[in-house]
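Structure first, commentary second.
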Protein chains: 4
Amino acid sequence: MKDGRPTRQRIHDAALRLFVEKGVTETSVRDLAQAAGIAEGTLYRHYASKDDLVADLFARNYTAFAHHLTALQAPLHGFRPRLAALIGEIFRFHDDNPTLFRFLLLVQHQGLPRIADGADNPVSVLHELVEQGIKDGDLGLTDPALATAMILGLMLQPATAIIYGRLQAPLSRFTDQINSACLRALDSTGQPTEVHHG
Amino acid sequence: MKDGRPTRQRIHDAALRLFVEKGVTETSVRDLAQAAGIAEGTLYRHYASKDDLVADLFARNYTAFAHHLTALQAPLHGFRPRLAALIGEIFRFHDDNPTLFRFLLLVQHQGLPRIADGADNPVSVLHELVEQGIKDGDLGLTDPALATAMILGLMLQPATAIIYGRLQAPLSRFTDQINSACLRALDSTGQPTEVHHG
Amino acid sequence: MKDGRPTRQRIHDAALRLFVEKGVTETSVRDLAQAAGIAEGTLYRHYASKDDLVADLFARNYTAFAHHLTALQAPLHGFRPRLAALIGEIFRFHDDNPTLFRFLLLVQHQGLPRIADGADNPVSVLHELVEQGIKDGDLGLTDPALATAMILGLMLQPATAIIYGRLQAPLSRFTDQINSACLRALDSTGQPTEVHHG
Amino acid sequence: MKDGRPTRQRIHDAALRLFVEKGVTETSVRDLAQAAGIAEGTLYRHYASKDDLVADLFARNYTAFAHHLTALQAPLHGFRPRLAALIGEIFRFHDDNPTLFRFLLLVQHQGLPRIADGADNPVSVLHELVEQGIKDGDLGLTDPALATAMILGLMLQPATAIIYGRLQAPLSRFTDQINSACLRALDSTGQPTEVHHG
DNA sequence: TATGAATGAGCCTTCATTCAT
DNA sequence: CATGAATGAAGGCTCATTCAT
């Protein structure tokens with residue numbers, strides 16, 4: 001039961017895994033303790049409550065990832081290189097730790113109000129990039145919220161498809177295709193090739 | 001408390017609303033009964049269990065919508081008109097009953113295994129359309145799963161953005177933009193306009 | 001397990017008994033349910049919480065008893081008859097339901113702030129009687145709070161002595177002795193008989 | 001956190017204070033450790049258990065006080081001087097350390113069986129004094145248990161009134177009044193002054 | 001069908017206590 | 001002696017479900 005890792009790390013890992021596998025509400029503290037190889041009471045030495053564990057897990061990683069994405073773009077200039085870097089990094093992150101990625105996706109839909117919009121939010125990072133791109137005339141679209149949603153959809157839905165076995169991991173296989181699909185989707189002035197239809 | 005609608009319909013409506021507002025697990029049978037204006041025990045005259053209610057609500061509507069989408073395409077021919085019809089109908093469905101739409105989106109992520117892939121599944125309907133489109137040479141992409149994910153992302157993420165207030169309803173406002181964005185995204189041979197980058 | 005009494009009454013009786021026997025905090029909801037012959041969850045159909053049960057049990061009886069004492073005095077006039085009636089009634093109450101009496105004594109020391117001073121409080125009833133007595137010149141003492149404490153002590157300490165087996169029940173045996181002891185104690189002008197001391 | 005006092009003393013003080021403030025059961029070992037500025041485990045270097053701490057605190061002080069009261073009476077003779085000395089000392093004790101006084105009062109109602117009756121018990125000391133007084137013909141009453149209860153009530157209820165703010169500390173203000181009230185209450189042959197009643 | 005009191009398993013959390021450092 | 005993380009039993013409470021009316 002005891003392995004080398006510190007207690008907190010074992011809670012962290014077990015929680016991430018179970019929350020993604022069964023859902024947050026569906027995972028009991030009993031489940032958590034069992035999976036982490038600790039007693040139930042032990043969890044409360046590290047987190048004030050189950051909710052606190054979820055919030056901490058989410059906020060810490062969500063924020064860190066947002067900061068990482070922001071840092072990544074500092075040396076780059078222009079919409080295209082920055083978007084490419086963003087997508088590449090997000091896909092790499094997914095492949096490095098799919099469980100964490102899915103947890104963030106999962107909880108985002110429940111715990112969003114906890115995290116204020118701003119630089120700490122990966123979605124905001126993307127949104128700001130898009131806004132800047134529109135201002136610089138790099139995009140055909142003029143609604144930043146719509147453009148952000150499109151990019152998000154083109155990135156996250158393939159990730160979801162992997163979860164359900166409709167697409168084969170790793171996600172990074174699709175980095176280039178998704179990147180160029182984003183560029184095309186956003187460029188409303190482009191001329192789609194004429195296609196045959198019967 | 002009593003209104004004109006039959007009991008079953010009132011359970012249906014209350015459940016949909018509460019499940020979307022608070023989550024399925026977070027909604028208790030007591031909540032349901034209270035919102036529907038019935039006694040707790042009464043729910044069990046209509047559904048074998050809470051799970052059964054969820055499953056029934058999901059399956060019935062998910063399937064019906066899939067059939068509807070299939071029927072819609074029968075008179076149409078070719079990828080483009082069919083995709084346009086699909087998107088138009090999905091967006092219209094969202095705007096007509098956002099609660100049901102969100103419920104389907106929500107439960108899909110938990111109850112998916114219940115619904116076998118096939119004609120009863122809206123995602124499958126899209127998938128088959130895409131497969132046919134590829135076979136007919138109407139799309140630049142060759143991976144139907146990836147193309148399906150892209151279209152799905154371009155449709156669903158704007159719907160999600162509306163939930164979080166990042167985009168203004170109705171979703172139908174974006175039908176044309178999303179439709180053409182799908183076409184561009186899927187057309188890997190198209191030439192994105194040259195853009196300035198600094 | 002089932003007897004004829006309604007559930008609420010059985011909870012009431014079991015709670016009173018256990019609270020007095022073991023203390024409020026020391027009595028678990030599990031204990032309560034077992035003693036009342038009901039399931040744990042059943043308690044929560046009748047009381048919002050364990051605290052609520054305690055508060056309700058206390059407030060209801062404490063208040064009712066205060067009202068009863070007040071009513072009792074309406075037809076009487078003057079300090080002495082009223083005090084005699086008060087003591088007689090309090091002792092009779094003790095003997096009729098010693099468990100309830102002890103519960104009120106017990107919880108009073110923890111839940112006092114819940115019950116505002118006033119006509120709903122047996123101690124206040126006594127206090128007001130004493131105040132009136134002082135105003136009418138019926139007492140030697142001039143501090144109503146002190147006089148109230150004295151009477152209270154002369155009544156309650158014998159009740160306590162019965163609990164600990166230092167005095168034999170019923171308490172009513174001592175009604176007259178305590179009543180006259182109160183009168184003597186309160187009459188600071190009286191001349192205690194000269195007594196021999198060796 | 002560390003102050004000059006030895007660990008045991010700090011536990012002692014913190015325990016007394018918290019037990020009186022919140023109740024024994026309501027005070028956790030964690031509360032105790034925090035208030036005493038020690039680690040939770042440290043408490044167990046000094047006491048075998050929380051119960052043991054309570055018992056020790058109670059027995060030690062209860063016994064010591066009984067001995068003190070006994071010693072106090074050795075040089076005095078006769079019921080009256082001894083009672084006066086007793087009351088004076090008890091009230092002084094209350095005022096010197098109200099927290100300890102209240103703790104003794106509090107725990108007495110829960111832990112009494114632990115302490116055998118006898119010379120180690122302040123109540124017994126009073127009881128014996130009363131018995132001797134009756135034997136010597138110094139009291140009007142003939143039931144020593146009842147007389148003891150009366151004296152106890154006349155002393156303790158004012159102390160209780162101070163806790164609840166119904167009377168102003170210090171208790172010693174009332175020494176003489178309570179002393180003479182005891183004498184009058186115990187003297188069943190005394191003639192209460194005739195009072196007016198309307 | 002409808003009701004709503006009753007059920008008891010299970011949930012999150014707290015607690016007194018232990019023990020390796 | 002002191003520490004504080006770890007323990008797991010027990011606590012109060014909620015829940016989906018049953019059943020007599």
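Chain identifiers are assigned alphabetically (A, B, ...) following the order of the sequence lines, protein sequences preceding nucleic acid strands; residue numbering begins at 1 within each chain. If you're wondering where the values come from, they're calculated on a predicted model, not measured in any experiment.
- Here the side chain of C/T27 pairs a donor or acceptor atom with the backbone of C/L18 at under 3.5 angstrom.
- With hydrogens and angles ignored, the 3.5 Å screen pairs a side-chain donor or acceptor of D/D31 with a backbone N or O of D/S28.
- Atom pair A/Q34:CD and F/dG8:P shows a separation of 12 Å (rounding to whole Å applied).
- Residue A/R5 contributes atom CZ, which lies 17 Å from atom C1' of F/dA6 at whole-angstrom precision.
- Among the protein residues, B/T27 comes within range of the sugar-phosphate backbone only, with heavy atoms under 4.0 Å from sugar or phosphate atoms but none that close to a base.
- As rounded to whole Å, 13 Å separates atom C1' of E/dC11 from atom CG of A/L32.
- The number of heavy-atom neighbours closer than 6.0 Å to CZ of B/R30, taken from other residues, nucleotides and ligands shown, is 12 or below.
- Phosphate contact (OP1/OP2 of F/dA2, side-chain N/O of D/T7, threshold under 4.0 Å): present.
- Taking OH from D/Y47 and CG from D/D56, the interatomic distance works out to 5.0 Å, rounded to the nearest 0.5 Å.
- Going from atom CZ of C/F65 over to atom CG of C/N121 covers 11.5 Å, rounded to the nearest 0.5 Å.
- For DNA chain F, runs of at least 3 consecutive pairs of the Watson-Crick or G-U wobble type, with both hydrogen-bonding distances under 3.5 angstrom, map to E:2-21 with F:2-21.
- Looking at heavy atoms from C-beta onward, C/L105 lies in side-chain contact with C/F101 at the 4.5 angstrom threshold.
- Checking F/dT7, F/dT3, F/dA6 against every side-chain atom of A/A39, the shortest atom distance belongs to F/dT7.
- Within 4.0 Å of D/V29, counting heavy atoms only, lies at least one base atom of the nucleic acid.
- Remark: C1' of F/dC15 and CG of B/L18 are 16 Å apart, rounded to the nearest angstrom.
- Contact detail for D/A35 and D/R17: the closest heavy-atom pair is CB-NH2, 3.7 Å.
- Summarising the geometry, the separation between CG on C/L53 and C1' on F/dC13 is reported as 14 Å, rounded to the nearest angstrom.
- Rounded to an integer number of Å, the gap from CZ of C/R30 to C1' of E/dT7 is 14 Å.
- Taking for each of A/V24 and D/D31 the nucleotide of DNA chain E with the nearest heavy atom, the 5'-most of the two is the partner of A/V24.
- Listed nucleotides F/dT3, F/dG12, E/dT13 differ in distance to C/S28; the shortest reach to its side chain belongs to F/dG12.
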Polar atom pairs (N or O), protein with nucleotides 18-21 of chain E, under 3.5 Å:
none

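- Without hydrogens or angle criteria, C/K50 side chain to C/L43 main chain gives no donor-acceptor distance under 3.5 Å.
- Rounded to whole Å, atom C1' of F/dC13 lies 14 Å from atom CD1 of C/I11.
- The distance from atom CG of C/D51 to atom P of F/dC13 is 7 Å, rounded to the nearest whole Å.
- Residues B/T25 and C/S49 each lie close to DNA chain F; by heavy-atom proximity, the contact nearer the 5' end of the strand is made by C/S49.
- Pairing each heavy atom of D/A15 with each of D/L53, the nearest pair is CB-CD2, 4.0 Å.
- The nearest pair of heavy atoms linking C/F103 to C/V54 is CZ-O, 3.9 Å.
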